[in-house]
Undergrad: 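Pasting in a structure now, in structure tokens, and then I'll have a few things to ask.
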Number of protein chains: 2
Amino acid sequence: MGRPSLKEKLLSDGLQLVHKRGFGASSVRDIVQAAGVPQGSFTNHFASKEAFGLEILERYHDMASAAVKATLRNDAVSPLRRLRAWIDGQLEYLRQEDMRRGCLYGNLSAEASEESEAIRKRVAAVFAENQASVAYCLEAAIDSGELAANADVQELAGFIVSSLQGAILVAKAQRSPTPVERFERVLFRSVLPAGTVSKRRARVSR
Amino acid sequence: MGRPSLKEKLLSDGLQLVHKRGFGASSVRDIVQAAGVPQGSFTNHFASKEAFGLEILERYHDMASAAVKATLRNDAVSPLRRLRAWIDGQLEYLRQEDMRRGCLYGNLSAEASEESEAIRKRVAAVFAENQASVAYCLEAAIDSGELAANADVQELAGFIVSSLQGAILVAKAQRSPTPVERFERVLFRSVLPAGTVSKRRARVSR
DNA sequence: ACAAACAGTACGGACGTCCACATTGTGCCG
DNA sequence: CGGCACAATGTGGACGTCCGTACTGTTTGT
């Protein structure tokens, strides 16, 4: 039925463009040109530009999830090494385009939060999901004795996720990997070894 | 010479609008309407929308500088209390619009970095300036014995500035003050008391 | 043969910018 | 000391471009 679809090309090339130049700054014409497909194909496959945004967000999420599975949730490696590998992986990805891209989640959080409620909610959910993965890794760190047993895992995980976003954001403005590298150093030298954010009465932390 | 200028009104009302809705999402017509001035006044006072963006950035910077002077650089208060007051002040400001605004610096870093090199450079400079102010405060904390003497002040200050940006960014996506409150808790419970990011060989850290 | 995807173009509106002219406060000159 | 000229600002609309989206065929694989 039908012909081979150009949707894949639109999604993969479009994601690259939007990630580098921003969602609002990338017009539909820019996107179809980057993908080398005719204008009509965009309308054929996406009900609106917002729907396209949600799909590339999903695509980015697939990549990020794969990285999480290979690092944070990879029980074959010791917990704090996994956490470091997760951050190093992002740093390497950021360097590829001279720190210009930033994190798609953070970019969309800043620029699309007021334009599209659907995108804002998806980004918020992804942040929560990342926090859960970091928490999983920290839990393992407690079990293996790499982290103090009384550490509040959810609290630390949320702190790590948001602080990493900030480091990437500042790195984007300064076009330098320094903020992310510094985040990693301080995290491992100062936050985690001392790691004594003790659990408060309830474990909920939300 | 001439009549009383409407430039002030454009800048103050325009800043509010851009801060809440984003730079790209705010059209020139939106801005003049929010300020209640005719369209032509925008052209009269600003050579371009980018020039306007740089001016509201400067206006925002004036406000932020005043807050820094009253907190981080206020030697009448004990250093760590100043740092806490600085963060609390931002938190209060963010709450005013239900966490929708985020930080103008962070927003522009994410959305304007690829559109305007001038804005990107200004934002990067402001981040560096904030880092210097936090470092000033941490230096005072060492002198007063509130922070370990061997702490790497520049390293910690950079970490604090970027992590706060990230907390505000995530808070914006989640429409909740929790990430910023959590940042503050972890910072004071875990990073600063232990505070042992020791100075490396050179003090430069850049 | 039929459904699905391609493909080119058209459309109404919003965008940033520009322009021509009216208005008003200021300072100089008679 | 009164009026005039000028510069700065106000004011509304116009201009060309680009935007997201819709539409109407055409092609192609099953």
Undergrad: Check side chain to side chain contact (heavy atoms under 4.5 Å, CB included) between B/Asp30 and all other residues, then give those that pass, not counting sequence neighbours.
TA: B/Leu17, B/Arg21, B/Ser27
Undergrad: What stems, by residue range, does DNA chain C take part in, given at least 3 consecutive Watson-Crick or G-U pairs under 3.5 Å?
TA: C:1-30 with D:1-30
Undergrad: Can you name the ring-ring contact (aromatic ring centres under 6.0 Å, His included) partners of A/Tyr136, sequence neighbours left out?
TA: none
Undergrad: Using side chain to side chain contact (heavy atoms under 4.5 Å, CB included) as the criterion, list what pairs up with B/Glu92, not counting sequence neighbours.
TA: none
Undergrad: Which residues satisfy the side chain to side chain donor-acceptor pair (under 3.5 Å) test with A/Lys69, sequence neighbours excluded?
TA: none
Undergrad: Residues two or more places apart in sequence or in another chain: which of them pass side chain to side chain donor-acceptor pair (under 3.5 Å) with A/Ser116?
TA: A/Glu50
Undergrad: Using the test side chain to side chain contact (heavy atoms under 4.5 Å, CB included), find all partners of A/Ile168 that sit at least two apart in sequence or belong to another chain.
TA: A/Gln90, A/Leu94, A/Cys103, A/Leu164, A/Val180
Undergrad: So which protein nitrogen or oxygen atoms get under 3.5 Å of nucleotides 23-25 of chain D's nitrogens or oxygens?
TA:
none

Undergrad: Under the rule for salt bridge (charged side-chain N to carboxylate O under 4.0 Å, His left out), what residues qualify as partners of B/Asp62, not counting sequence neighbours?
TA: none
Undergrad: Distances under 3.5 Å only, N/O to N/O: pair up the protein atoms with those of nucleotides 16-20 of chain D.
TA:
residue, atom, partner, partner atom, Å
D/dC19, OP1, A/Ser27, OG, 3.2
D/dG20, OP1, A/Lys49, NZ, 2.9
D/dG20, OP2, A/Val28, N, 2.7
D/dG20, N7, A/Arg29, NH1, 2.9
D/dG20, O6, A/Arg29, NH2, 2.6

Undergrad: Kindly confirm or rule out a cation-pi arrangement of B/Lys7 over B/Phe42, judged by NZ or CZ under 6.0 Å from the six-membered ring centre and within 45° of its axis?
TA: no
Undergrad: Taking ring-ring contact (aromatic ring centres under 6.0 Å, His included) as the test, write out the residues that go with B/Tyr105, two or more places apart.
TA: B/Tyr60
Undergrad: What pairs with A/Arg59 under side chain to side chain donor-acceptor pair (under 3.5 Å), at least two apart in sequence or on another chain?
TA: A/Glu8
